[in-house]
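Please read the structure below before turning to the comments.
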Amino acid sequence: MRVLGIESSCDETGIALYDSEQGLLAHSLYSQVDMHANYGGVVPELASRDHIRKAIPLIKQVFSDAQCDEQTLDGIAYTSGPGLAGALLVGACLARSLAWTWQLPALGVHHMEGHLLAPLLEDPAPEFPFVALLVSGGHTQLVDVKGIGQYTVLGESIDDAAGEAFDKTAKMMNLPYPGGPHIAKLAQQGTEGRFKFPRPMTDRPGLDFSFSGLKTFARNTIIKCQQDRDGHKYVEQQDQADIARAFEQAVVDTLVIKCRRALEQTGHKRLVIAGGVSANHYLRERLHDLMNKKRGQVYYPRPEFCTDNGAMIAYAGCQRLMAGQKDGDEIRVFPRWPMDTLEAV
Ligand code: KG4
Ligand code: ZN
């Protein structure tokens, strides 16, 4: 089965062609990051308008890259939630219009299921069951994955997502949006052990996360380091790097502690990490160490499939379309959509 995938839930337009026999045929991505950077975060209306501009040219590009056309397609998958309502509607309306014109089945895919299954595009792909740590700008979740659509959420953030905490802390240090990669880069120059940030919610049982306190801790540390030059407050580059390092260590430590608990609780030997923050090198390194100690294996997508992309949606949609699932007549999007309500395949 050959599926066209369309991702438009936030600030990236991602398009891909996935074939169940031949694998990923082509993918392309347009990131709106530069446009939103001027505003320090995603502006929903601008995001929707830009998806309209970019989606069709990118679809033409993937057909050209894969040297095929719509006549070879068996279905269309698109992100129908969770995400920004307007941005989701652009992808949904386009996917459903194309499916209607080309007389193909269409299916709305859960964005986080896309992230969760993205490591299955790699070789070797993880086998089920596994624990998945989903860490993006909007979500931080630990999931017990027994198969496609068989998800039990073991824990999640009760306030900010890990990526959101990275972005907000970066903003306080006047770093560009999205801040995660900038904090990670700065942290490399940071002094080990100069600041010690808390590891929230690790002193009690359970698998939920809370990252908003870390952000406040970062703000207070920044204020303590502020110096005055001609009436302007500033923080020395080295102080910034030391704060970035302490912050990154606290987030990563917290994630590692909870992953270890989730593995002990489920007895699984495989750990999958996905979502934008899974691109973080220090997190990967620490999870490798954890899984080496546990004689297990950690899996993650290639860097460009950690953040939002069309390939993960084409892949997830293909698995479900092959199982005979498809949309009904109405076009719907789900800005909020709990993952454990999904149908099993
Ligand atoms: O999955 P994603 O592309 O979008 C959402 O679905 O939210 O994740 C974006 C998030 C942003 O918060 C960004 O700062 C973070 O992933 N991120 C990182 C790194 N690369 C991206 N955070 C920490 N370290 C990184 N290297
Ligand atoms: Zn995402």
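Both ligands and their constituent atoms are indexed starting at 1 by order of listing.
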Answer yes if the side chains of [X] and [Y] hold a donor-acceptor pair under 3.5 Å, and no otherwise.
{"X": "D144", "Y": "T266", "value": "no"}
{"X": "Q240", "Y": "Q189", "value": "no"}
{"X": "Y151", "Y": "E113", "value": "yes"}

To which protein heavy atom is [atom] closest, and what is the distance rounded to 0.1 Å?
{"atom": "atom 2 (P) of ligand 1", "value": "D308 OD1, 3.5 Å"}
{"atom": "atom 22 (N) of ligand 1", "value": "G180 CA, 3.4 Å"}
{"atom": "atom 24 (N) of ligand 1", "value": "N280 ND2, 3.0 Å"}
{"atom": "atom 1 (O) of ligand 1", "value": "G276 N, 3.0 Å"}

Against ligand 1, does G138 come closer than 4.0 Å with any heavy atom?
yes

Tell me, please: is H111 in heavy-atom contact with ligand 1, that is, under 4.0 Å?
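It does, in that a heavy atom of H111 comes within the 4.0 Å cut-off of ligand 1.
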
By the rule that ILVMFWY residues connect when side-chain heavy atoms come within less than 4.5 angstrom, directly or transitively, which residues belong alongside L88?
L89, V333

Between E264 and K294, does any side-chain N to carboxylate O distance fall below 4.0 Å?
yes

By side-chain contact (heavy atoms from CB on, under 4.5 Å) - contacts of Y234 (at least two apart)
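Q227, R229, E236.
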
Just to verify, what does P301 make a side-chain contact (heavy atoms from CB on, under 4.5 Å) with, not counting sequence neighbours?
A118, P119, E122, A274, S278, F305, C306

In the protein, N/O/S atoms that are found under 2.8 Å from the Zn ion (ligand 2), waters not counted
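Hits for the Zn ion (ligand 2) below 2.8 Å: H111 NE2, H115 NE2, D308 OD1.
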
For F128 and F130, take the angle between the two ring planes, folded into 0 to 90°, and tell me which bin it lands in: parallel under 30, tilted 30 to 60, perpendicular over 60.
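Ring orientation of F128 relative to F130: parallel.
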
Which label fits W337 and H110: parallel for a plane angle under 30°, tilted from 30 to 60°, or perpendicular past 60°?
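It falls in the tilted class, 30° to 60°.
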
Would you mind running through ligand 1 and noting each atom that sits below 4.0 Å from a heavy atom of [X]?
{"X": "G163", "result": "12 (O)"}
{"X": "G137", "result": "5 (C), 7 (O), 8 (O), 9 (C), 10 (C), 12 (O)"}
{"X": "T307", "result": "3 (O)"}
{"X": "H115", "result": "1 (O), 6 (O)"}

Flag side-chain contact, heavy atom, 4.5 Å: R336 against P82:
no

N or O contact, G275 vs ligand 1, cut-off under 3.5 Å
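So ligand 1 has no N or O lying under 3.5 Å from an N or O of G275.
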
Take R199 and D253 through the salt bridge (charged side-chain N to carboxylate O under 4.0 Å, His left out) test and state the conclusion after the steps.
CA-CA 7 Å; R199 273 59 175 158; D253 244 11; 2.9 Å; yes

Exercise: identify the closest heavy-atom pair between G91 and I6
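Looking at all heavy atoms of both residues, the closest pair is CA-CG2, 4.2 Å.
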
Backbone, side chain, both or neither: what part of D167 comes under 4.0 angstrom of ligand 1, heavy atoms only?
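Answer for D167: side chain.
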
